[in-house]
Amino acid sequence: MKLFLSAAVVLLVLILSLPAKAGKCPKQCSCDGKKLTVACVGKNLTEIPPTVDEITLKLDLRSNNLQVLPRGAFMHTPYLTHLNMQRSGIIRVMEGAFRTLGRVVSLNLAYNKIDILYQESFDGLSSLKELFLDHNRIEEIQPGAFTQLGFLNTLTLTHNQLVYIPNMAFQGLNNIKWLRLSHNSLNNLAPEAFAGLFTLSRLSLDHNELQFFPTQTMMRLREVTRLEMSHNPMIYLGEESVSMAKLTHLYLDHMSLQDLSEQALSGAPLLSHLDLSHNQLRYLEPLSGPKQLARLNLTGNPIYCNCYMRPLKQWARARGVTLLGTCAGPPHLSDEPLQAVALLDLRCRSREETMKEEEEVEKSTGSITPAPTSSPKQKIKCPPNCECDIESQHATCEGRGHTKVPRGFPAKTQLLDLSSNHFHYLPANSFPGSSQVISLHLQFCKIHEIEAGAFRGMKDLFYLYLSDNDLISLDHRAFDGAPKLTYLHLEGNRLAQFPGSALSLLPSLFVLHLERNAISKLEPSGLLSSVTPQLRELYLSNNSISAIAKGALDSGFLGVLHLDLNQLTEVPTHALSEASSLEELNLSQNLVPWVGPKAFQPVSQRLMRLHMDQIGLEKMSMDALLGLGPGLKTLTLRGNRLQELPDLRPLTGLEVVNLQDNPLLCDCPLLPLRRWMENVTLEVGATCGHPPELRGQRVRDVQVFMSCQENVSPPDEKAVVVPSTPKVKTSKPSQKLKVKPEKPKAKPAKPPKNQPPRKPGTPKTTKNKKTV
Ligand SMILES: *[C@@H]1O[C@H](CO)[C@@H](O)[C@H](O)[C@H]1NC(C)=O
Ligand SMILES: *[C@@H]1O[C@H](CO)[C@@H](O)[C@H](O)[C@H]1NC(C)=O
Ligand SMILES: *[C@@H]1O[C@H](CO)[C@@H](O)[C@H](O)[C@H]1NC(C)=O
Ligand SMILES: *[C@@H]1O[C@H](CO)[C@@H](O)[C@H](O)[C@H]1NC(C)=O
Ligand SMILES: *[C@@H]1O[C@H](CO)[C@@H](O)[C@H](O)[C@H]1NC(C)=O
């Protein structure tokens, strides 16, 4: 009897556990039969496993290699509620891929390579609440892409390559609450771009390239309460720019605002939070419109605390608005909190002082008082063979075969496009009456010479495109009279020298493009700090630079430096010794067989992205990366000849690491790398090149490491900087694996230059990310 009972129990247990066990679990996945989840993470799967159990609710397919999601890809799992395909190498989503997934509420497609959202890409997802498409390469949203997503609450499209949003792009999102478009390259929004989003309450447009506030487009957003516009290169907000009846929170910080009309916010009566921090405002008038403003954040603006600031101060006091920020001048008030300055101290007093202050004010008034149109009625003028649009303040004569710069544009023109003509030569004073132009396009104009003072009088010029001309040198007074120039494009010319002296007239220069010129060396003439103290991004890709003198890159402000596609033979460590703010360094496609110890020490404090692809690198000192730590987010070493690598363990913040196409030697010295790879959630592409029997296998997969002693000391003790577990220093050096820092003898062949040519900077769409 007892025997029978226990047999029955065993049988019962077997039967009970059967359904869970018997549920099909695909080979590479792990399944939880109770929670009805299936996870197939990091398996390099090239297709959706066909045997996933039909009743599965959550399917996790992160870090695979799916490439294309075909029509009906999820036909066999109709009950899914959560689907995660982050980092799965997806390039295309075919129309109807999700057609059977009417119950999915969360779909994650972030960190893939999708470039176009087709009409009907998301058909069938009728219950979807959140959709993540961030960190793809989306350039285009076809009309109707989202029409079926009537329940969607949150749409995340950050970190893509959108330049333009067409009319009706988001049609059908009838329940959308938050639309996230941050970190794209948007410079243009069609007037009806957000039409139909009647429920949207929050819109994120920060970190884009908008030069003007998209007033018409925003007016359609009746329910939006929170608008994030930070980090766009706008310099002026005109009357009634913001006309949004329910807006309460507006973020306009880290832009380039030099002026704000007192009527700019008159259409935003409910505004309670306004962030204007980190702009270029020297002065601000009382803002009419918002009645509930509690705080006005002016931190990081060069506010000049004289009598011109008195009205604002009075207004703030009367309304109970707290002013955050400090005075930048005059000297006796500098650093004084705005809130603390007494009204009586805001003075423009003695004649001497007044003169001084007027000088100061004069520097900034250009844009402070946008002259009201009091001039007698002007006929709309426009030069022959050009088009002028008064309302948008644009004028264009692009590609009309002009041989002289046309004259007589409307005085209020802000964008002047003269690209693709045949000017050959720009004489002095080429742009009379164009003092309000902000953006001037002169690319592809066959210009070989610019006379001193060619841009004289262009006191508001902010963007100048001179790319793809024939400039061989630049007169040192070429940019005289355009002191606000901030973005300068000189790529695709024939400059043989860094145009340092010409740049000395541009104290505000922030981004400089010099790609595709013929510069062969960078001299220590103090080009940076003293000449262009504000320069933040310098692009020197595809020149023929072989030498960079110490001192040539001294700039405590430079953040982005591209030196790829040059003829460097070593990491310019000495030249970088003062570039302590550098965040991104691209050295790819040079010819650097050896990277010595502490090569990046001078820039280790801030460096976040380091690229050294295809530089013929044969060996790195085990101390090559010494100093770099958790701050480094991206490291690429693709296409080199490395057999070993320095210890990457101190780089605990890495988000992207590319070691592909290196002939790594899969043996015990590589154990620290292997252990590190097991530990990180990143997909680290690394394959063995040696020994021959392991060639082509993934470092992650080979078994050779099992026989290595677990605590074999890494090749060089010094490189092991694991902050949390201080190593007890052993006195005896690790003899066996010591790598001698020795220059390889044979010079490697020139790396292939098989990259596709860069797109020339298109007129109104620079795609280079700018951090303002
Ligand atoms: C992933 O699979 C693809 C296609 O099957 C293959 O070409 C590639 O080498 C694999 N990658 C890794 C890292 O195993
Ligand atoms: C004001 O702006 C600064 C700089 O952007 C920021 O750190 C601070 O938190 C802001 N203060 C308030 C109260 O919003
Ligand atoms: C670095 O330079 C290489 C070679 O020119 C280029 O392909 C790559 O896109 C650059 N990377 C970045 C982040 O600029
Ligand atoms: C793996 O991670 C654990 C916990 O974060 C850490 O203690 C250990 O040192 C790591 N191992 C390697 C080889 O990086
Ligand atoms: C480098 O510049 C040359 C000359 O301007 C151009 O022909 C070539 O395509 C560029 N190479 C890359 C990779 O951009």
Side-chain angles (χ1 to χ4, degrees), residues 207 231 233 254 256 278 280 300 462-464 474 479 484-491 495 497-517 519-543 545-566 568 570-588 590 598-612 627-628 631-636 766 768-772:
H207 294 88
H231 293 273
H254 294 90
S256 310
H278 296 283
Q280 301 298 326
F462 201 76
Y463 304 89
L464 175 56
L474 276 175
F479 301 120
K484 285 191 192 161
L485 196 56
T486 304
Y487 294 87
L488 176 56
H489 287 260
L490 284 165
E491 67 270 28
L495 298 171
Q497 282 179 355
F498 190 89
S501 58
L503 302 180
S504 65
L505 294 171
L506 303 177
S508 306
L509 193 63
F510 192 76
V511 174
L512 175 58
H513 286 274
L514 280 167
E515 302 94 323
R516 293 185 286 118
N517 276 285
I519 299 169
S520 60
K521 54 186 173 200
L522 298 180
E523 318 252 19
S525 47
L527 353 131
L528 298 170
S529 302
S530 51
V531 178
T532 52
Q534 300 286 327
L535 192 66
R536 182 78 183 143
E537 302 180 14
L538 175 56
Y539 298 93
L540 284 163
S541 315
N542 201 356
N543 277 272
I545 299 170
S546 57
I548 306 182
K550 183 164 164 52
L553 296 171
D554 281 2
S555 163
F557 198 60
L558 192 67
V560 174
L561 177 60
H562 283 200
L563 286 167
D564 48 298
L565 281 158
N566 276 291
L568 295 172
E570 56 183 19
V571 176
T573 308
H574 294 299
L576 292 171
S577 62
E578 301 294 323
S580 57
S581 298
L582 203 64
E583 291 177 1
E584 176 172 312
L585 177 60
N586 195 342
L587 292 170
S588 295
N590 280 282
K598 304 186 188 173
F600 304 98
Q601 185 96 18
V603 293
S604 60
Q605 218 160 5
R606 298 271 177 79
L607 198 67
M608 293 170 72
R609 295 174 293 276
L610 176 57
H611 300 278
M612 292 191 287
L628 296 171
L632 196 72
K633 302 283 181 235
T634 301
L635 173 65
T636 69
T766 61
N768 300 297
K769 282 274 172 220
K770 289 163 194 165
T771 9
V772 178

Please report the closest heavy-atom contact between [X] and [Y], naming both atoms and the distance.
{"X": "Asn543", "Y": "Leu514", "answer": "ND2-O, 3.0 Å"}
{"X": "Glu523", "Y": "Ala552", "answer": "O-CB, 3.3 Å"}
{"X": "Tyr487", "Y": "Pro233", "answer": "OH-CB, 4.0 Å"}
{"X": "Phe557", "Y": "Leu535", "answer": "CD2-O, 3.6 Å"}
{"X": "Leu568", "Y": "Ala547", "answer": "CD2-N, 4.5 Å"}
{"X": "Leu587", "Y": "Met612", "answer": "CB-CG, 4.2 Å"}

Supply the atom-to-atom distance [X] [atom1] to [Y] [atom2], rounded to the nearest 0.5 angstrom.
{"X": "Leu512", "Y": "Leu558", "atom1": "CG", "atom2": "CG", "answer": "10.0 Å"}
{"X": "Leu474", "Y": "Phe498", "atom1": "CG", "atom2": "CZ", "answer": "11.0 Å"}
{"X": "Gln534", "Y": "Phe510", "atom1": "CD", "atom2": "CZ", "answer": "8.0 Å"}
{"X": "Ser577", "Y": "Gln601", "atom1": "OG", "atom2": "CD", "answer": "12.0 Å"}
{"X": "Leu585", "Y": "Leu563", "atom1": "CG", "atom2": "CG", "answer": "6.5 Å"}
{"X": "Arg609", "Y": "Leu632", "atom1": "CZ", "atom2": "CG", "answer": "9.5 Å"}

Leu505: what forms a side chain to side chain contact (heavy atoms under 4.5 Å, CB included) with it, not counting sequence neighbours? Arg477, Asp480

Could you tell me which residues satisfy side chain to side chain contact (heavy atoms under 4.5 Å, CB included) with Ser588, sequence neighbours excluded, listed by chain and number? Asp564, Asn586, His611, Asp613

Listed partners of Glu578 passing salt bridge (Lys or Arg N to Asp or Glu O under 4.0 Å), at least two apart: none

Assess whether atom NZ of Lys598 is packed by more than 12 heavy atoms of other residues, nucleotides or ligands within 6.0 Å. no

Pair Arg536 + Glu583, salt bridge at N-O below 4.0 Å: yes

Determine whether Leu488 and Leu503 satisfy the following criterion, side-chain contact (heavy atoms from CB on, under 4.5 Å), listing intermediate values before the conclusion. CA-CA 10 Å; Leu488 176 56; Leu503 302 180; 3.9 Å; yes

Any donor-acceptor N or O pair under 3.5 Å, side chains His562, Glu537: no

Given Phe600 and Leu576, is the side-chain contact (heavy atoms from CB on, under 4.5 Å) satisfied, shown in steps? CA-CA 8 Å; Phe600 304 98; Leu576 292 171; 5.6 Å; no

Positive for side chain to side chain contact (heavy atoms under 4.5 Å, CB included) with Ile548, one of Leu540, Thr573, Asn566, Leu553: Leu553

